[in-house]
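Inspection log for the structure reproduced underneath, given as structure tokens.
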Amino acid sequence: MNDMDISRIEQEINDFWNRQQIYRVKADTSKPKYYVLDMFPYPSGAGLHVGHPLGYIASDIISRYKRLKGYNVLHPMGYDAFGLPAEQYAIQTGQHPAITSRNNIERYREQLDKIGFSFDWSREVRTCEPEYYKWTQWIFIQLYNSWYNKDTNRAEPVSTLIKQFEEVGSQVHAYASPHEPFTPNAWKQMNEVGQQTILLHYRLAYLADSWVNWCPALGCVLANDEVRDGVSERGGYPVEQRLMKQWSLRITAYAERLLQGLNAIDWSESMKDAQRNWIGKSEGAYVRFSVADTTHQINVFTTRPDTIFGVAFMVLAPEHDLVERITTPEHKQAITEYQKKAAAKTERDRSTDVKNISGCFTGAYALHPFTQKQIPIYIADYVLATYGTGAVMAVPCGDSRDHRFAKHFTALNPFVNVFEGVDVSVEACESKDVVITNSDFLNGLKAPDAIQRCIEELTRMGIGERKTNYRLRDAVFGRQRYWGEPIPVYYKENIPYVLPEHELPLRLPEIDKYIPSETGEPPLARAKDWKYMGIYEYEKTTMPGWAGSSWYFFRYMDPNNPSAFASKEALHYWQDVDFYLGGSEHATGHLLYFRFWTKVLHDLGHVPCDEPARKLLNQGMIQGISSMAARIKGKQVFVSNDILNDYLTEQQLSHDDVQYVYADIHQVSNQKLDTEAFRTWNADYSTAQFVYNNKKEFTVKQFVEKMSKSKYNVVNPDDVVATYGADCFRMYEMFLGPIELSKPWDTQGIDGVSRFIRKLWRLFYNEQGQQLIHNDKAPAEGLKILHRAIKKVNEDLERLSFNTCVSTFMICVNDLSANKYHHAELLKPLLTLLHPFAPFISEYLWLQSGEKTSILDSVYPVADESLLIENTFEYPVSVNGKMRTKALFPLDKDQKEIEAETIQLESVQKWMEGKPVKKIIFVKGRMINIVV
RNA sequence: GCCCGGGUGGUGGAAUCGGUAGACACGCAGGACUUAAAAUCCUGUGGCCAGCAAUGGCUGUGUGGGUUCAAGUCCCACCCCGGGUACCA
């Protein structure tokens, strides 16, 4: 080959790898296993854009690196194929989502194949295939058939719960939904319906009422995302909060273990923080307040029982059960109106908007447990029904929301301040570093002591107790959608029963339209004759998007197993994920559920590991750069953005006369628009006139936003690969910056990587296409160049700094080129070192240099430290902390001598200005600082 | 609002443990080669000031304070941008 023909090389090497089936992996006990996993993509209709492969490239580098280091690497890929966009598309076009999903997957596969990933495609999974979701349903059944035993601290089969019911009745130590207590005898005498109803309160998958955003016009529940200003984003219909009976998973039983488990895994602290905050453990107390003149009690959770003497009012969530019962007749109307207003807001709006304080007095009063004083009871939307007990004791001096509320309602002023020597007139004091006063038996105690003392007293009086609360809520599992896993449940006398395992999968039935039924039921209600055994109604909701992704990593271990979700052998060999890579936006969704399911499966003895992923890396997003051309409103006149102001002045126009329109990113280079391409791109612009700057250029305004078709800023990896080759694309994505940061895609700079690859090529071939590589002994300087790179790349890969690896390769190749080093002893280890980043060219040059087997079977180079030892160091010399000069000293030279010589340096003397030396800071091999 | 990130030249970024700020690239400017262009190669390139020049000085990591012999890095306060906020995936 005369010169580098990248597409031919990539083709040739791809064929070579395919012939060898080089990415097929099997359990092999002679090697240590290493499981590298990417968060699998949702196959959207838009195809892959340049942002998707970022993480896949990084994980592919790790996979190849580990393989070269002797590990048996599992590196699979699949598709998270159930989801809303496909369903939305189906609603609009009538196309079955299975078909669009299949097409999208095909397109994804084509794109992925071009980038040279080492995926073992024989292990591909698709969550929407019955062979896969059979096992998602199977896991649901395991959840349904389990309860959480607080004594053994794990999930157990419901059979052990029934045994305990027979012995101790509802005294069993379990995580359960609230229900009436019962005795062992009462249990035994219950009929089937009664027993099943009780059991549902304990199952890890259970039916319960949950608050949802219900949109009557669309006949479905909406995500907070899909609701804006109280109306649906689609169509603008009103949305209300409604209680709905839904399947939920009892993740709260695992709150403490999910929290503790974080200590044992190598995830970033920020990711762990996000999960810790989400779980939201807080320690405090339950306190029961009686409602004056009634038998009702308001149970509140508080983390600050020490401030109980500062309670100025009570606040219930507008949805709280007691509201109806305690509101006095004269306040009824106002309360009902307020409830309606609150119901129109999403939970997010309610907790976000702290500036608009609102609330409504119920007319009822609670009694202070210690003073028996009357405390007014309000409802307010800042109290959420879903957190704690849905009621708070409001202490204006100690809580900023309560403080704002009190300031807003003059009737609540003045309020008691229970903190000694703290001014709370302007804002609340939330610190626990305070001494309590105005508080009877708590007076003089520090807050932490007062908390303990108060809980003791509440417990003694039987009106409260110590309580650990979690913000984490049970996960609602049912969706009013079509394109998801059917929940394998049927109803008999209104009691849900799960399908027998041997009848799985319960296939998604065909329906005529992908919208709710005429009666407002979920789409599955449209399925004709869809009944269990032809008699019993099936569950009509489907599973959420996260169901299939909560366990997929197990399926990759044994993807085609028809009789188990994965064999015991496969699970035992592959265990867990060693390296997991995906976006940080999954912090509190997927990553929590995936840990939860793993723990449940572990408790039930199905999998060996308790945590799914030992190590996690979050890659950032690649954003798009949008370009907009300035156009004079109502005219076909476009003005170069850099001279826009001058033009406007000249024409006596203002900025209001300017309208910016999108230009396609492909017509723009270096902020300059190809005006001819722009003109032909859109028929509307065919008569456009352009006002150029004095260089005859037309510049556009550019800014960063999410990559999206409608913004004309999508860059497709295929185009980049076609122009520059896969190796260059891979290296450039890594070169862009730290993997975990988000950054806009900009091809400025890709030429540098492309030049690097050509430079590498020139180490092997001259312009005439003659091989330059030879077997002479490499000089010490050459070895030093190589081993410096080996050391740095190894270190950087271990700390996942991919961008600096690329720089290191550039430095190495620059140095080798400058010295005209073409020794095989230098170049061949370099190829192996480079292989994870640039698999095609490294494999090609490897084979061309006479090797018969793949570079993937070569030995990864190890840095020889002895080659890198330096004898001297050029010390930066500072005087009073300012760097003034440099001085070269042997590294083994005595510190005293160096100090003495340094002081004598002319430039040092100059800056010392004759002042006496106070101190000399000497850090060997780093710096010298002279303090005068 | 709350939680989690981030802010360094014209641009992407480097500086791993508190120790030479700007590695490596892009871009730009100048030069070589060429009939010309592309490609390639060489030189310069944070800003300001002085000097013909070598060079020297000042300044500089979002803003304002602080700790330290020494701060991009640590602490306090603030500003701006991105992500999440429980039915988008």
Side-chain angles (χ1 to χ4, degrees), chain A residues 39 41-42 44 80 82-85 88 210 212-213 220-227 246 268-278 280 347-348 351-355 382 386 400-401 471-481 484 544-546 549 583-590 592 618 620-621 623 670 704-706 732 735-738 740-744 746-753 755-756 758-759 762 767 795-796 799 801 803-804 806-811 814 874-886 918-921 923 926-932:
Chain A
M39 287 185 191
Y42 174 79
S44 87
D80 187 15
F82 274 131
L84 265 189
Q88 220 70 271
S210 323
V212 294
N213 301 316
C220 70
V221 174
L222 298 173
N224 283 331
D225 245 48
E226 300 170 291
V227 185
Q246 310 225 56
S268 70
E269 246 353 90
S270 62
M271 185 55 47
K272 290 184 185 180
D273 277 349
Q275 292 213 342
R276 285 188 190 115
N277 289 325
W278 188 255
E347 196 170 274
R348 195 185 308 176
S351 47
T352 300
D353 189 6
V354 294
K355 289 190 190 91
Y382 78 89
T386 48
S400 53
R401 288 164 308 179
R471 203 180 70 102
L472 182 71
R473 305 204 295 255
D474 278 343
V476 178
F477 198 67
R479 297 288 184 269
Q480 286 66 29
R481 313 281 185 183
W546 50 268
S549 59
S584 58
E585 67 272 22
H586 300 285
T588 51
H590 163 64
L592 206 59
N618 294 115
M621 284 202 321
Q623 297 146 315
N670 222 350
V704 173
E705 60 185 336
K706 208 168 171 171
Y732 183 60
F735 190 56
L736 232 38
E740 63 272 28
L741 295 188
S742 293
K743 52 234 151 192
D746 188 346
T747 39
Q748 270 195 39
I750 198 167
D751 289 331
V753 176
R755 270 171 215 156
F756 158 78
R758 268 175 291 181
K759 249 180 157 168
R762 282 282 164 263
E767 265 102 30
E795 284 171 0
D796 286 358
R799 66 186 178 103
S801 174
N803 55 329
T804 52
V806 178
S807 298
T808 304
F809 287 122
M810 288 173 169
I811 293 168
N814 284 347
E874 190 176 34
Y875 284 89
V877 179
S878 306
V879 179
N880 280 348
K882 268 191 188 300
M883 216 280 283
R884 294 302 182 186
T885 187
K886 288 178 189 173
K918 227 195 231 166
K919 194 158 137 196
I920 298 179
I921 316 275
V923 184
R926 278 243 183 251
M927 47 68 67
I928 302 166
N929 185 15
I930 295 156
V931 187
V932 295

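Below, chains carry the letters A, B, ... as their sequence lines are ordered, and counting in each starts from 1. Basis for what follows: all heavy atoms, side chains included, without hydrogens, waters or symmetry-related copies. Just so we're clear, the structure is a prediction, and the values are computed from it rather than from any experiment.
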Review point. Looking at CE of A:M39 and CD of A:E585, how far apart are the two atoms once the value is rounded to the nearest 0.5 Å?
Key: 7.5 Å
Review point. Within the structure shown, what part of the strands sits under 4.0 Å from A:F735 by heavy-atom distance: base, sugar-phosphate, or nothing?
Key: base
Check your understanding: When we call it a touch if two heavy atoms are under 4.0 Å apart, what does A:S584 touch: a base, just sugar-phosphate, or nothing?
Key -> nothing
Practice item. Tell me which of A:N929 and A:V753 sits closer to the 5' end of RNA chain B, going by the nucleotide each one is nearest to. Key: A:V753
Exercise for review: Enter syn or anti for the glycosidic conformation of B:C17, syn applying to angles within 90° of 0.
Suggested key: syn
Point to revise | Of the listed nucleotides B:C24, B:A86, B:U20, the one nearest the side chain of A:N224 | key: B:A86
Practice item. Choose from B:G84, B:G19, B:G13 the nucleotide whose nearest atom is closest to any side-chain atom of A:T588. Key: B:G84
Review point. Is any side-chain N or O of A:K882 closer than 4.0 Å to OP1 or OP2 of B:U59?
Key: yes
Point to revise | Inter-nucleotide P distance (B:C2, B:C58), Å rounded | key: 44 Å
Exercise for review: May I ask you to verify whether the side chain of A:N277 and the base of B:C3 hold a donor-acceptor pair under 3.5 Å?
Suggested key: no
Exercise for review: Measure the acute angle between the ring planes of A:F477 and A:W546, then classify it against the limits of 30° and 60° as parallel, tilted or perpendicular.
Suggested key: perpendicular
Practice item. Kindly say if A:R755 contacts the phosphate of B:U40, meaning a side-chain N or O under 4.0 Å from OP1 or OP2. Key: yes
Review point. How is A:I930 classified with respect to the nucleic acid when contacts are heavy atoms under 4.0 Å: base, sugar-phosphate, or nothing?
Key: nothing
Check your understanding: Do the side-chain N or O atoms of A:R799 get closer than 4.0 angstrom to the phosphate oxygens (OP1, OP2) of B:U16?
Key -> no
Check your understanding: Going by atom types only, do A:D80 and A:S549 share a side-chain donor-acceptor pair under 3.5 Å?
Key -> no
Review point. Just checking, is any N or O donor in the side chain of A:S801 or A:T804 under 3.5 Å from an acceptor N or O on the other one?
Key: yes
Review point. Is A:P738 touching bases, backbone alone, or none of the nucleic acid, heavy atoms closer than 4.0 Å?
Key: sugar-phosphate
**Study point:** Residue met sooner reading RNA chain B from 5', once A:D746 and A:K759 are mapped to nucleotides
**Key:** A:D746
Review point. Distance check: side-chain N/O of A:R758 vs OP1/OP2 of B:U40, anything under 4.0 Å?
Key: yes
Exercise for review: Taking atom C1' in both B:G10 and B:C28, compute the distance separating them and give it to the nearest angstrom.
Suggested key: 8 Å
Check your understanding: What is the glycosidic conformation of B:G27: syn, defined as within 90° of 0, or anti?
Key -> anti
Review point. Quick one: does A:K759's side chain have a donor or acceptor within less than 3.5 Å of a partner on A:M810's backbone?
Key: no
Revision key, fill the gap. Per the 3.5 Å Watson-Crick/G-U criterion and a run length of at least three, the stems involving RNA chain B are B:1-7 with B:79-85, B:10-12 with B:24-26, B:27-32 with B:40-45, B:46-50 with B:55-59, B:62-66 with B:74-78
Exercise for review: Specify whether A:F735 and A:Y732 have parallel, tilted or perpendicular ring planes, treating 30° as the upper limit for parallel and 60° as the lower limit for perpendicular.
Suggested key: tilted
Review point. How is A:G583 classified with respect to the nucleic acid when contacts are heavy atoms under 4.0 Å: base, sugar-phosphate, or nothing?
Key: nothing
**Study point:** Nearest-Å distance once atom P is located in both B:G62 and B:G57
**Key:** 26 Å
**Study point:** Under-4.0 Å side-chain N/O to phosphate OP1/OP2 contact, A:R884 with B:C58
**Key:** yes
Exercise for review: For A:Q246, report the nucleic acid contact type (base, sugar-phosphate, nothing); a contact means any heavy atom under 4.0 Å.
Suggested key: base
Review point. Just to confirm, is there a sub-4.0 Å distance from OP1 or OP2 of B:A25 to any side-chain nitrogen or oxygen of A:N803?
Key: no
Check your understanding: NA contact type, A:N814, heavy-atom cut-off 4.0 Å: base, sugar-phosphate, or nothing?
Key -> sugar-phosphate
Review point. Considering only heavy atoms from C-beta outward, does the side chain of A:L736 approach that of A:N803 to under 4.5 Å?
Key: no
Review point. With sugar-phosphate meaning primed atoms plus P, OP1 and OP2, does A:Q480 contact a base, only sugar-phosphate, or nothing at under 4.0 Å between heavy atoms?
Key: base
Practice item. Spell out, as yes or no, whether a donor-acceptor pair under 3.5 Å connects the side chain of A:N929 to the backbone of A:G881. Key: yes
